[in-house]
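Notes for the one structure printed next.
Naming: A, B, ... by sequence-line order, numbering from 1 per chain.
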2 protein chains.
Amino acid sequence: MKRVSSFGNVDLLFEGGIVLSSIREVARLAKVSPATVSRVMNGTAAVAPETRKRVLAAIEETGFIPNEVARSLFKKSAKTIGLIIPSIRNPYFTQLAGIIDELAGKEGYRIFLCNVGGDLEKEKAAIQMLVAMNADGVILASGNQEIQSFLSGCPIPVVALDMMVSAEVVEACVYCDYYQGGRLAMEHLLECGCQNIVCIRGPQKIFSARQRYEGYRDVCRERGIPEQTVDCDYDFLSGLAMTEKLLECYPQVDGIIASNDIVAISIYKILHKKNITVPDRIQLIGFDGIDLSELMSPELTTVCQPIEDMAKTALDVVVRQKENFEKETEYILPVSLAIRETTKRRGREQ
Amino acid sequence: MKRVSSFGNVDLLFEGGIVLSSIREVARLAKVSPATVSRVMNGTAAVAPETRKRVLAAIEETGFIPNEVARSLFKKSAKTIGLIIPSIRNPYFTQLAGIIDELAGKEGYRIFLCNVGGDLEKEKAAIQMLVAMNADGVILASGNQEIQSFLSGCPIPVVALDMMVSAEVVEACVYCDYYQGGRLAMEHLLECGCQNIVCIRGPQKIFSARQRYEGYRDVCRERGIPEQTVDCDYDFLSGLAMTEKLLECYPQVDGIIASNDIVAISIYKILHKKNITVPDRIQLIGFDGIDLSELMSPELTTVCQPIEDMAKTALDVVVRQKENFEKETEYILPVSLAIRETTKRRGREQ
DNA sequence: CCAAAGGATGAAACCCGTTTCATTACTTTA
DNA sequence: TAAAGTAATGAAACGGGTTTCATCCTTTGG
């Protein structure tokens with residue numbers, strides 16, 4: 001019913017489907033050697049037009065698809081790049097993954113997505129697996145600094161995305177000016193008239209979260225404002241829980257800096273549920289600039305990261321690492337403020 | 001700096017990192033044959049305790065990681081299952097992917113996610129690639145019926161998820177009772193007092209969208225209500241555009257059935273922007289029951305699909321297809337109504 | 001007209017983990 | 001004590017595409 005039908009010695013199928021046959025079968029059919037078939041397929045050497053035609057016909061007839069595994073084994077390259085992310089449920093990472101996937105496709109690479117969920121062991125296993133699979137490189141966006149020591153001696157190039165890892169163990173780091181982002185968020189809330197701002201910090205072992213917090217903290221210090229923080233993970237469940245806590249601890253709050261957009265959305269949910277109006281009673285700002293931040297109602301004011309540029313840069317480093325002579329080891333991209341509906345000031349920037 | 005250091009003939013690295021070395025090197029170091037090393041690693045045959053210890057020590061010393069590609073080539077199995085989805089940006093599919101990934105991991109399989117974006121050629125290429133990679137099976141959730149004819153003779157098992165494909169070409173189909181979902185949505189809006197309901201249909205070439213529409217349509221017919229429909233894709237951009245159109249064509253509308261949750265969210269955004277209150281002036285219901293439907297404010301009333309069960313069922317069929325004797329070819333799962341805040345009636349169900 | 005150069009092609013090695021099959025050594029049974 | 005059986009292990013083949021190297025044939029230059 002769905003197995004390949006056998007026809008003589010050659011597996012054939014006539015209904016436009018997929019067939020398994022080997023290069024040797026094709027060769028036999030075309031009355032050439034496997035080497036010649038390989039040359040025709042890859043254009044790696046001149047083949048007489050007459051021969052080429054016969055080979056092409058044989059490929060057509062058998063529906064031959066070259067076995068990628070055999071190719072990978074010899075070439076020591078699977079034309080695959082691993083993308084390690086902490087959560088496939090976080091729209092920020094799926095947006096990133098979507099862009100990287102598309103760009104990689106154009107360069108002839110596949111993306112192997114590894115969802116490690118903040119688990120260090122899973123992350124190590126993912127890297128080992130990618131190495132064992134002859135992947136050509138890794139884009140590491142797990143956010144977990146602890147992986148660093150494990151990376152030394154990794155035989156395939158690794159580029160850290162959204163995290164700061166020593167240039168000793170990775171090809172390069174690509175991240176944003178999170179610190180500036182933290183400052184921007186705080187300064188914006190102040191400009192909007194907030195008197196009582198609380199910063200919901202992401203996990204401090206994550207570089208972006210730490211830097212954002214430090215931006216916020218430094219503005220506080222410069223202006224003599226006491227810090228008010230709550231700790232929170234980068235996911236919505238944590239966001240919901242921490243918002244409850246925040247309202248308990250800081251009932252006077254009139255401005256909230258969320259650890260990222262998805263947390264901002266969950267904060268908004270709680271505020272909405274409690275009939276606390278945004279931005280009238282409390283103003284709210286997020287980080288990341290995911291699609292959803294603009295899709296939610298009201299639209300979320302947020303500090304945008306150039307997701308597309310980050311994806312492009314990271315991929316570029318991995319793909320072109322061999323040919324890079326004077327390579328950068330650090331790409332720091334600028335962030336920008338998107339003033340929308342959860343803060344009061346109508347700004348110049350969109 | 002990051003290359004593996006060479007030590008004698010054996011590649012070594014002392015800092016806990018990753019190393020490339022072959023089974024033959026390990027064998028040489030342990031003074032055994034590669035076969036014995038393989039037997040120690042896989043437990044495929046008895047090895048003398050003394051020998052085993054030497055081999056283990058050699059593996060430890062070299063940091064040897066068996067090459068998955070070589071293993072896949074021989075075994076004709078990559079311990080990998082392909083998951084083909086139309087969009088990695090749609091939370092429904094990432095939620096699905098997350099669950100499948102987790103379950104597959106427990107069974108010793110990797111998931112290779114293929115984002116084909118509704119492009120038939122990309123989808124064909126993805127399937128060919130999976131075959132060429134010695135994948136063990138495919139979970140096909142692209143929604144695109146047209147792929148059907150391409151599937152015949154596919155040498156690896158395919159299970160269709162969220163779509164209806166002939167049992168001739170797939171191992172099984174797993175989907176929900178979308179028709180019932182369509183009815184449920186319509187009946188609920190009627191119960192909530194809507195007089196002027198518009199159905200925003202998903203692409204009619206997609207099975208779920210067609211079935212949902214037919215559920216809606218049949219309720220209309222049974223009650224003598226004239227149909228009012230607008231066509232829309234399954235993404236938020238389309239949702240935004242179509243809502244504008246809807247409001248133009250049907251200014252009297254007081255109930256909207258969205259093609260899915262993400263479209264419902266974008267509908268809400270437009271309504272909110274136009275100061276049309278939900279559910280007072282217009283009531284709104286979605287399909288899918290993604291996390292986000294509950295996270296948005298107000299919480300979205302929606303027809304939930306048992307995403308977890310679907311994932312589990314699909315994976316089970318693929319993994320266990322060889323041992324299935326009397327196999328089902330169709331798994332139809334029930335949907336359920338989650339009455340939340342975008343419709344008026346406070347229902348029994350949560 | 002012969003040598004050198006170039007083009008087309010095939011045989012065989014290669015990538016590396018797995019498995020079969022044969023061999024050796026030793027134990028058990030008759 | 002011989003025959004039969006068993007455990008441990010290695011040599012070699014295998015999987016399938018790629019590449020090197022040698023070979024053969026044709027063309028070009030002297």
Side-chain angles (χ1 to χ4, degrees), chain A residues 9-11 19-56 58-59 62-79 128-129 131-136 155, chain B residues 9-11 19-56 58-59 62-79 128-129 131-136 155:
Chain A
N9 259 324
V10 186
D11 284 346
V19 175
L20 282 182
S21 60
S22 76
I23 199 171
R24 286 168 229 267
E25 275 178 36
V26 174
R28 198 160 41 72
L29 209 77
K31 302 196 196 309
V32 296
S33 74
T36 301
V37 178
S38 174
R39 288 192 269 254
V40 169
M41 288 193 306
N42 302 301
T44 40
V47 173
E50 179 53 36
T51 314
R52 148 179 246 90
K53 230 164 71 185
R54 279 209 322 280
V55 171
L56 256 19
I59 290 175
T62 56
F64 170 59
I65 301 171
N67 184 318
E68 277 298 317
V69 177
R71 201 203 291 259
S72 298
L73 180 59
F74 188 90
K75 292 287 208 81
K76 293 172 189 297
S77 153
K79 279 291 185 184
Q128 286 205 352
M129 185 267 283
V131 170
M133 282 181 57
N134 285 357
D136 300 86
Chain B
N9 259 325
V10 186
D11 283 347
V19 174
L20 282 183
S21 60
S22 76
I23 199 171
R24 285 168 229 269
E25 275 178 35
V26 173
R28 199 158 40 71
L29 208 77
K31 302 197 195 310
V32 295
S33 73
T36 301
V37 179
S38 174
R39 289 191 269 253
V40 169
M41 288 192 305
N42 302 301
T44 41
V47 173
E50 179 52 37
T51 314
R52 149 179 246 91
K53 232 164 71 185
R54 280 209 323 278
V55 171
L56 256 17
I59 290 175
T62 55
F64 169 61
I65 301 171
N67 184 318
E68 277 298 317
V69 177
R71 200 202 291 258
S72 297
L73 180 60
F74 189 91
K75 293 286 208 81
K76 294 175 187 294
S77 153
K79 278 292 183 183
Q128 285 205 351
M129 185 266 283
V131 170
M133 283 180 56
N134 285 358
D136 300 87

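- Under the side-chain hydrogen bond (donor to acceptor under 3.5 Å, both in side chains) criterion, A:S38 pairs with A:N42, sequence neighbours left out.
- Using a 4.0 Å heavy-atom cutoff across all strands shown, B:A35 reaches at least one base atom of the nucleic acid.
- A:R54 meets the salt bridge (Lys or Arg N to Asp or Glu O under 4.0 Å) test with no other residue; sequence neighbours excluded.
- Distance B:F74 CZ to C:dT19 C1': 5 Å, rounded to the nearest Å.
- Going from atom CG of B:N67 over to atom C1' of C:dG17 covers 8 Å, rounded to whole Å.
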* To do: Check the pair A:R28, A:E25 against salt bridge (Lys or Arg N to Asp or Glu O under 4.0 Å), reporting the backbone distance first and the verdict last.
  => CA-CA 5 Å; A:R28 198 160 41 72; A:E25 275 178 36; 5.1 Å; no
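- Nearer the 5' end of DNA chain C, as judged by each residue's closest nucleotide, is the contact made by A:A46, out of A:A46 and A:R24.
- In this model, the phosphate group of C:dG10 is approached by a side-chain N or O of A:T36 to a distance below 4.0 Å at OP1 or OP2.
- Nearest-nucleotide positions on DNA chain D place B:K31 closer to the 5' end than the other of A:S22 and B:K31.
- Nucleic acid contact for A:V69: none, since no nucleic acid atom lies under 4.0 Å from a heavy atom of the residue.
- Taking for each of A:A48 and B:T44 the nucleotide of DNA chain C with the nearest heavy atom, the 5'-most of the two is the partner of A:A48.
- Looking at residues two or more places apart in sequence or on another chain, you find no side-chain hydrogen bond (donor to acceptor under 3.5 Å, both in side chains) involving B:T44.
- Taking the 5' to 3' direction, DNA chain D first and last meets chain B under 4.0 angstrom from a heavy atom at D:dA8 to D:dG16.
- Between the P atom of C:dG17 and the CE atom of A:M133 lies a distance of 15 Å, rounded to the nearest Å.
- Across every non-hydrogen atom of B:S72 and B:A78, the tightest pair is OG-CA, 3.5 Å.
- Taking side-chain N and O atoms only, A:T51 has a distance below 4.0 Å to OP1 or OP2 of C:dT9.
- When each of B:K76 and B:V32 is assigned the nucleotide of DNA chain D with its nearest heavy atom, B:V32 is the one assigned upstream, toward the 5' end.
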What does the list of N/O pairs under 3.5 Å between the protein and nucleotides 21-24 of chain C look like, with a distance for each?
none

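- Across the helix from C:dC1-D:dG30 to C:dA30-D:dT1, the helix axis at one end is tilted relative to the axis at the other end by 50° (nearest 10 degrees, each axis from five pairs).
- The two residues B:S33 and B:A27 come nearest to each other via the heavy atoms C-CB, 3.7 Å.
- Atom-to-atom distance recorded for B:I59:CD1 and B:R52:CZ is 9.0 Å, nearest 0.5 angstrom.
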* Residue pair B:V47, B:V55: steps toward the side-chain contact (heavy atoms from CB on, under 4.5 Å) verdict -> CA-CA 10 Å; B:V47 173; B:V55 171; 5.7 Å; no
